[in-house]
K.L.:
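Structure provided below as structure tokens; questions to follow.
The structure presented is a predicted model; accordingly, all values stated were derived computationally and were not measured. The sequence lines fix the lettering, A, B, ..., with proteins before strands; numbering per chain opens at 1.
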Protein chains: 2
Amino acid sequence: MKSRKLYNRISVLRKEKGISRQDLADIIGVNFQTIGYLEREEYNPSLDLAFKISEYFGLPIELIFSPKPLKSLIGEIVELKNKIGGK
Amino acid sequence: MKSRKLYNRISVLRKEKGISRQDLADIIGVNFQTIGYLEREEYNPSLDLAFKISEYFGLPIELIFSPKPLKSLIGEIVELKNKIGGK
DNA sequence: ACTTTTTGTTGTAAATATACAATACTTTGA
DNA sequence: TCAAAGTATTGTATATTTACAACAAAAAGT
């Protein structure tokens, strides 16, 4: 199965936490270069690795990874505000 | 990274839909034996394949796959009813 | 400006997921 | 009970992910 390129927000989330790739890699238990490959979206994580990342950030997989390009977090917020604000 | 064994509900969900592995495989675009391996939990899907399965069933990945053994669907329901019913 | 830390790049090797084929076993249904 | 459909098993081949190392480039802190 030729697998689709997936998009993710790892680098943004990691920066919000203020940790380095090495730190994140250590916590999760992978090589720090693996985090690099994921952030650059050079390949997709295994489902298990995706779960580990999702557990670390305390967020569902769908909020971190997506088959469709992810909008910026700020963009998400604006969109949600519009939805709530009604009209 | 030695990857953890993951659990899933593919066979139950597939049976609820009343389709065969071959059918599911065709829809998703993988070999039918791959579905077999996943249902028997002999290996984990890639994140992309997990997304495809999740898209087909219209359910979030977390409801289909889990690092911890999944309780039966009926078990989930009972638990939720207890939670709602209070006490 | 200099030093250190972080990130990117390239290359190789190992582990794991997926495909495919052939055949046996099991279940279902007529 | 027999036939067909579905599932399991075994084996081999390919693709993809992960690890690891060494070095270059960039960013951050002093």
K.L.:
Specify the separation, in whole Å, of atom CG of B:L6 and atom C1' of C:dA17.
P.N.:
13 Å
K.L.:
Is the phosphate of D:dA19, meaning OP1 or OP2, less than 4.0 Å from a side-chain N or O of A:T34?
P.N.:
yes
K.L.:
Which pair of non-hydrogen atoms, one from A:N8 and one from A:F65, has the smallest distance, and what is that distance?
P.N.:
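It is CB-CD2, 3.5 Å.
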K.L.:
Please report the distance, rounded to the nearest Å, between CZ in A:F65 and C1' in D:dT17.
P.N.:
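Distance, rounded to whole Å: 13 Å.
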K.L.:
Looking at B:E62 and A:I61, what are the two nearest heavy atoms and their distance?
P.N.:
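What the structure gives for the nearest pair is OE2-N, 2.7 Å.
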K.L.:
Starting at atom CD1 of B:I10, determine the distance to atom P of C:dT18, rounded to an integer number of angstrom.
P.N.:
10 Å
K.L.:
From A:L6 CG over to A:L38 CG, what is the distance, rounded to the nearest 0.5 angstrom?
P.N.:
10.5 Å
K.L.:
Please determine, for the side chain of A:Y37, which listed nucleotide (D:dT17, C:dT18, C:dT10) has the closest atom?
P.N.:
C:dT10
K.L.:
Taking the basic N atoms (NZ, or NE/NH1/NH2) and the acidic carboxylate oxygens, is any pair closer than 4.0 Å for B:R9 and B:E76?
P.N.:
yes
K.L.:
Heavy atoms only: give me the nearest A:Y7-A:E41 pair and the separation to one decimal.
P.N.:
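Minimum heavy-atom contact is CA-OE2, 3.1 Å.
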K.L.:
Starting from P on C:dT7, measure out to CD on A:E42 and report it in whole angstrom.
P.N.:
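Computing the A:E42:CD to C:dT7:P distance gives 15 Å.
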K.L.:
Measure CD/A:E41 against C1'/C:dG8 and give the value in whole Å, please.
P.N.:
15 Å
K.L.:
Is there a donor on the side chain of B:Q33 or the base of D:dA8 sitting less than 3.5 Å from an acceptor on the other?
P.N.:
no
K.L.:
Please report the closest heavy-atom contact between B:I64 and B:S54, naming both atoms and the distance.
P.N.:
CD1-CA, 3.7 Å
K.L.:
Testing the 3.5 Å rule here: is there a donor-acceptor pair between the side chains of A:T34 and A:N31?
P.N.:
no
K.L.:
List every contact pair, protein side and nucleotides 3-7 of chain D side both N or O, where the distance is under 3.5 Å.
P.N.:
residue : atom : partner : partner atom : Å
D:dT7   : OP1  : B:R14   : NH1          : 3.1
D:dT7   : OP1  : B:R14   : NH2          : 3.1
D:dT7   : OP2  : B:R21   : N            : 3.2

K.L.:
With a 4.0 Å limit, can you tell me whether B:N44 has a side-chain N or O closer than that to the phosphate oxygens OP1/OP2 of C:dA17?
P.N.:
yes
K.L.:
Separation of B:F51 atom CZ from C:dA17 atom P, in whole Å?
P.N.:
18 Å
K.L.:
Can you work out whether A:M1 or B:K2 has the more 5'-proximal nearest nucleotide on DNA chain D?
P.N.:
A:M1
K.L.:
Mind calculating the distance between NZ (B:K5) and P (C:dT16) to the nearest angstrom?
P.N.:
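After rounding, the reported distance stands at 14 Å.
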K.L.:
Quick one: is A:N31 getting a side-chain N or O under 4.0 Å of the D:dT18 phosphate, OP1 or OP2?
P.N.:
no
K.L.:
OP1 or OP2 of C:dT16 less than 4.0 angstrom from a side-chain nitrogen or oxygen of B:S46, does that happen here?
P.N.:
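It does not, given that no N or O in the side chain of B:S46 lies less than 4.0 Å from OP1 or OP2 of C:dT16.
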K.L.:
If I take atom CZ in residue A:R4 and atom P in nucleotide C:dA17, what distance separates them, rounded to the nearest angstrom?
P.N.:
18 Å
